[in-house]
Undergrad: 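First the structure, which I've put down as C-alpha cells, then a few questions once you've had a look.
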Amino acid sequence: MRVNSEVIVHAVKESVGTFEGKAFSSTTFHCEVDLKENGAGRSIGRVTRPFKLGDAKVFDQWAHLGAALPLKAQAVFEMEASREDGTRLVLVEIRPIVT
C-alpha cells in the first residue's frame with residue numbers, strides 16, 4: 001500500500017564505497033517524525049528518522065538545496081509487512097516542495 005505524505009527533510013547523506021569487498025551506494029534522507037512514547041517514560045518533541053532511497057546519484061538531485069534545509073518535501077512511502085513490529089515504511093519517492 002502506498003502512502004503520500006508531506007515531510008520535513010533535515011539532512012540528505014550520500015554513501016558510496018566498499019565494505020568487506022562488497023560495493024554499496026545509497027542516499028539517506030533524514031525526515032522529521034514524532035517522538036513515540038514508550039513504557040520507559042514520557043516524551044515530547046520531534047526527531048529525525050533515516051530513510052534510504054536509491055543509490056548515491058539521488059544525492060546529486062538534492063545537493064543544491066543544502067542551504068535551504070530543513071525543507072518540506074512530498075514523499076511516497078510503501079507500507080511493507082515486517083517481523084519486528086508488523087509494518088514498516090519504505091521511502092519510494094521524494095520531491096522537494098518549491099515555494
Side-chain angles (χ1 to χ4, degrees):
M1 176 172 154
R2 290 202 171 198
V3 178
N4 293 311
S5 181
E6 186 175 295
V7 298
I8 298 175
V9 177
H10 283 264
V12 183
K13 182 176 184 341
E14 169 192 60
S15 297
V16 64
T18 58
F19 181 72
E20 294 182 353
K22 289 189 174 185
F24 63 87
S25 177
S26 67
T27 299
T28 303
F29 291 85
H30 292 269
C31 300
E32 191 173 290
V33 295
D34 288 323
L35 182 59
K36 179 181 174 186
E37 288 191 27
N38 60 33
R42 300 182 301 167
S43 62
I44 57 174
R46 299 180 62 78
V47 296
T48 63
R49 176 175 178 235
F51 293 95
K52 289 190 184 239
L53 177 66
D55 59 20
K57 294 176 189 170
V58 174
F59 181 87
D60 294 335
Q61 300 166 10
W62 287 74
H64 68 286
L65 297 170
L69 293 173
L71 59 79
K72 290 183 181 180
Q74 188 63 41
V76 179
F77 295 94
E78 182 78 35
M79 290 181 63
E80 293 183 352
S82 82
R83 291 190 344 219
E84 300 93 34
D85 61 2
T87 60
R88 71 181 189 128
L89 290 176
V90 177
L91 182 63
V92 294
E93 182 181 327
I94 190 165
R95 293 180 315 278
I97 296 174
V98 180
T99 56

Undergrad: Between NZ of K52 and OG1 of T28, what distance do you get to the nearest 0.5 Å?
TA: 4.0 Å
Undergrad: Check for me, please, whether L53 and V16 land in the same ILVMFWY cluster - side-chain distances under 4.5 Å, paths through other members count.
TA: no
Undergrad: To the nearest 0.5 Å, how far apart are CZ in F77 and OG1 in T87?
TA: 12.5 Å
Undergrad: Closest approach of A56 and S15, non-hydrogen atoms and distance?
TA: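 Distance-wise, the nearest heavy atoms are CB-O, 4.0 Å.
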Undergrad: Considering non-hydrogen atoms only, spot the tightest contact between I97 and Q74 and give its length.
TA: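 In terms of heavy atoms, the two residues are closest at CG1-N, 3.8 Å.
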Undergrad: T27 and F59: which non-hydrogen atoms are nearest, and at how many Å?
TA: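 Nearest pair, atom of T27 first, then F59: OG1-N, 3.2 Å.
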Undergrad: Using 0.5 Å steps for rounding, measure from the CD atom of E6 to the CD1 atom of I8.
TA: 7.5 Å
Undergrad: State the CZ-CD distance between R95 and Q61, to the nearest 0.5 angstrom.
TA: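 That separation rounds to 12.0 Å.
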Undergrad: Starting from V12, can I reach L89 by hopping between I/L/V/M/F/W/Y residues whose side chains sit under 4.5 Å apart?
TA: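 Same cluster.
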Undergrad: Taking all non-hydrogen atoms of both residues into account, name the closest pair between S25 and D55 and its distance.
TA: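 Closest approach of S25 to D55, heavy atoms only: OG-CB, 3.3 Å.
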Undergrad: Is there a path of hydrophobic side-chain contacts, each under 4.5 Å between heavy atoms, that joins L69 and L91?
TA: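 Same cluster.
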Undergrad: Would you check, one step at a time, whether the test side-chain contact (heavy atoms from CB on, under 4.5 Å) holds for V90 with R88?
TA: CA-CA 7 Å; V90 177; R88 71 181 189 128; 3.9 Å; yes
Undergrad: May I have the step-by-step check of side-chain contact (heavy atoms from CB on, under 4.5 Å) for I94 and V7, ending in yes or no?
TA: CA-CA 9 Å; I94 190 165; V7 298; 4.1 Å; yes
Undergrad: Taking F29 as the starting point, is it possible to reach M79 by hopping between hydrophobic residues whose side chains are less than 4.5 Å apart?
TA: yes
Undergrad: Which atoms form the tightest heavy-atom contact between V9 and C31, and what is the distance?
TA: CG2-SG, 4.2 Å
